[in-house]
K.L.:
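Take a look at the following structure, please.
The chains referred to below are lettered A, B, ... by the order of the sequence lines, with proteins before strands, and numbering in each begins at 1. All values below come from the heavy atoms of this structure, side chains included, with hydrogens, waters and symmetry mates left out.
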Protein chains: 2
Amino acid sequence: MIVTDKITDRRELILDTALRLFTDRGYFNTSVRDIQKEATVSTGSIYHHFENKEAIAKALLAQIESTMVDEIDLIMEATPSAHDRCKAVLKYLFEATENNRDAMHYMLHAKHNEFISNEGPICTSRPFSLMKTIIVEGIRKGEVRNLTPEIVAVNIFGGAIRLICLRIDGVVDKPLPMYLEEFWECTCYGITA
Amino acid sequence: MIVTDKITDRRELILDTALRLFTDRGYFNTSVRDIQKEATVSTGSIYHHFENKEAIAKALLAQIESTMVDEIDLIMEATPSAHDRCKAVLKYLFEATENNRDAMHYMLHAKHNEFISNEGPICTSRPFSLMKTIIVEGIRKGEVRNLTPEIVAVNIFGGAIRLICLRIDGVVDKPLPMYLEEFWECTCYGITA
DNA sequence: GTCTATACCTGGATAGAC
DNA sequence: GTCTATCCAGGTATAGAC
């Protein structure tokens, strides 16, 4: 997501620095001037490419959300069983946390509706509805226990998202993929000894 | 928390309205003027009771954190087994979400370190370390599976916190205590059919 | 302790040259 | 498309009367 091996145009550069600053200090603690200085671009240039500050935030969200959806779609095509799908999604999320920390931070650990108007909470976004779909199908096919899908989903992915947030906040110090097996074991078979 | 059957003094009134506005619109979308108008107090009065806007946020956090710690302490005194303790804590959290939604919102669903300086992420706060303690003791006594405590904790409480956030965001429409049994079942014995 | 008035500054956004 | 200079609103915070 936001591949920046070589920043081609100004637009990319602006998005890239904005993402860095938004995740680092938060949206409201980042002024347009900050972005301007950090990216060594002019104010005019920023406002040429984006209508306003909020539009930058919106563009970032759309970009990241889209790559997440693509990734999960790939997993769903390649994998039929609900269990394998869930585990593969977790694997992807954990790896992305290490490889694209800022993007994951922005996607999972920011309150977009506080700065993007008409934006619902993340859980209503497309990647999340895909995750719920996996669960619903899993229950229908008898692979997953027949409980309220939302509860099951929150048990699997909610816990994972919290773990990702802990990692982003620097509370967990080992790379998340190292915990994948253990986490998955715990989710599938519970915590009871 | 923040018992406001009858608002005695101005200080309480300010805190109470600030909490409402902070959770409703977010800290940065709430100006001191907003608090002043909404509480029908004067700016001078606010700055008499609090050093600055941040101090209001700090006071709120301390107050809510303190009542949560008291509540969990009570549970730990009354309940010996790790399982019962966890379930009781979940019950408390779910009920508090319904009865003190704003307080829970502020505690669990806000990024304090973006507006309170020198404040770590919530997970480093006292209520959360108590939760981890419950798990660690449970593992030691053989009641909980012998896995990394953080992973187990995030599986139980992380999922619960996400569920609380979903409820706060209006995505879950039934009161959380209704899901307690199901959630707990799912956590203890896993999601595998 | 509470009020009103106001100072001061930073933030978002625009204008217009190049 | 990019720059510099600038405008203006709204934010936090203070001063000083009552």
K.L.:
Toward the 5' end of DNA chain C, which comes first, A:Tyr27 or A:Gly44, by nearest nucleotide?
P.N.:
A:Tyr27
K.L.:
Does the pair A:Lys87/A:Glu181 count as a salt bridge with the N-to-O cut at 4.0 Å?
P.N.:
yes
K.L.:
Could you state the CD1-P distance from A:Ile35 to C:dA13, rounded to the nearest angstrom?
P.N.:
11 Å
K.L.:
Measure from the side-chain heavy atoms of A:Ser31 and tell me the nearest of C:dT4, D:dA5, C:dG12.
P.N.:
C:dG12
K.L.:
What is the distance, to the nearest angstrom, from the NE2 atom on B:His48 to the P atom on C:dG1?
P.N.:
5 Å
K.L.:
Does a distance-only test, which skips hydrogens and angles, find a donor-acceptor pair under 3.5 Å between the side chain of A:Arg10 and the base of D:dG1?
P.N.:
no
K.L.:
If you assign B:Lys53 and A:His49 each to the DNA chain D nucleotide with the nearest heavy atom, which residue ends up on the more 5' nucleotide?
P.N.:
A:His49
K.L.:
Report yes if some heavy atom in the side chain of B:Leu21 is under 4.5 Å from a heavy atom in the side chain of B:Tyr27; otherwise report no.
P.N.:
no
K.L.:
Closest to the A:Val32 side chain: C:dG1, D:dT12, C:dG12?
P.N.:
C:dG12
K.L.:
To the nearest Å, how far apart are A:Phe28 CZ and D:dT12 C1'?
P.N.:
16 Å
K.L.:
Output the rounded distance in Å from OH (B:Tyr47) to C1' (D:dT14).
P.N.:
9 Å
K.L.:
Given atom CZ of B:Phe50 and atom P of C:dT2, what is their separation to the nearest angstrom?
P.N.:
11 Å
K.L.:
Looking at B:Glu98 and B:Arg167, does any basic side-chain N land under 4.0 Å from a carboxylate oxygen?
P.N.:
yes
K.L.:
Can you tell me the distance, in whole Å, between the CG atom of B:Asn29 and the C1' atom of C:dG11?
P.N.:
14 Å
K.L.:
So if I take every side-chain heavy atom of B:Val41 and compare against C:dT2, C:dC3, D:dA13, which nucleotide ends up nearest?
P.N.:
C:dC3
K.L.:
D:dT12 P sits how many Å from B:Glu51 CD, rounded?
P.N.:
15 Å
K.L.:
Between B:Leu13 (CG) and C:dG1 (C1'), how many Å, whole number?
P.N.:
14 Å
K.L.:
Could you say whether A:Ser42 or A:Arg33 is positioned toward the 5' end of DNA chain D, judged by the nucleotide with the nearest heavy atom to each?
P.N.:
A:Ser42
K.L.:
Hey, are A:Arg85 and A:Glu137 close enough for a salt bridge, meaning a charged N less than 4.0 Å from a carboxylate O?
P.N.:
yes
K.L.:
Distance only, no hydrogens: is a donor on one side chain within 3.5 Å (strictly under) of an acceptor on the other, for A:Ser42 and A:Gln36?
P.N.:
no
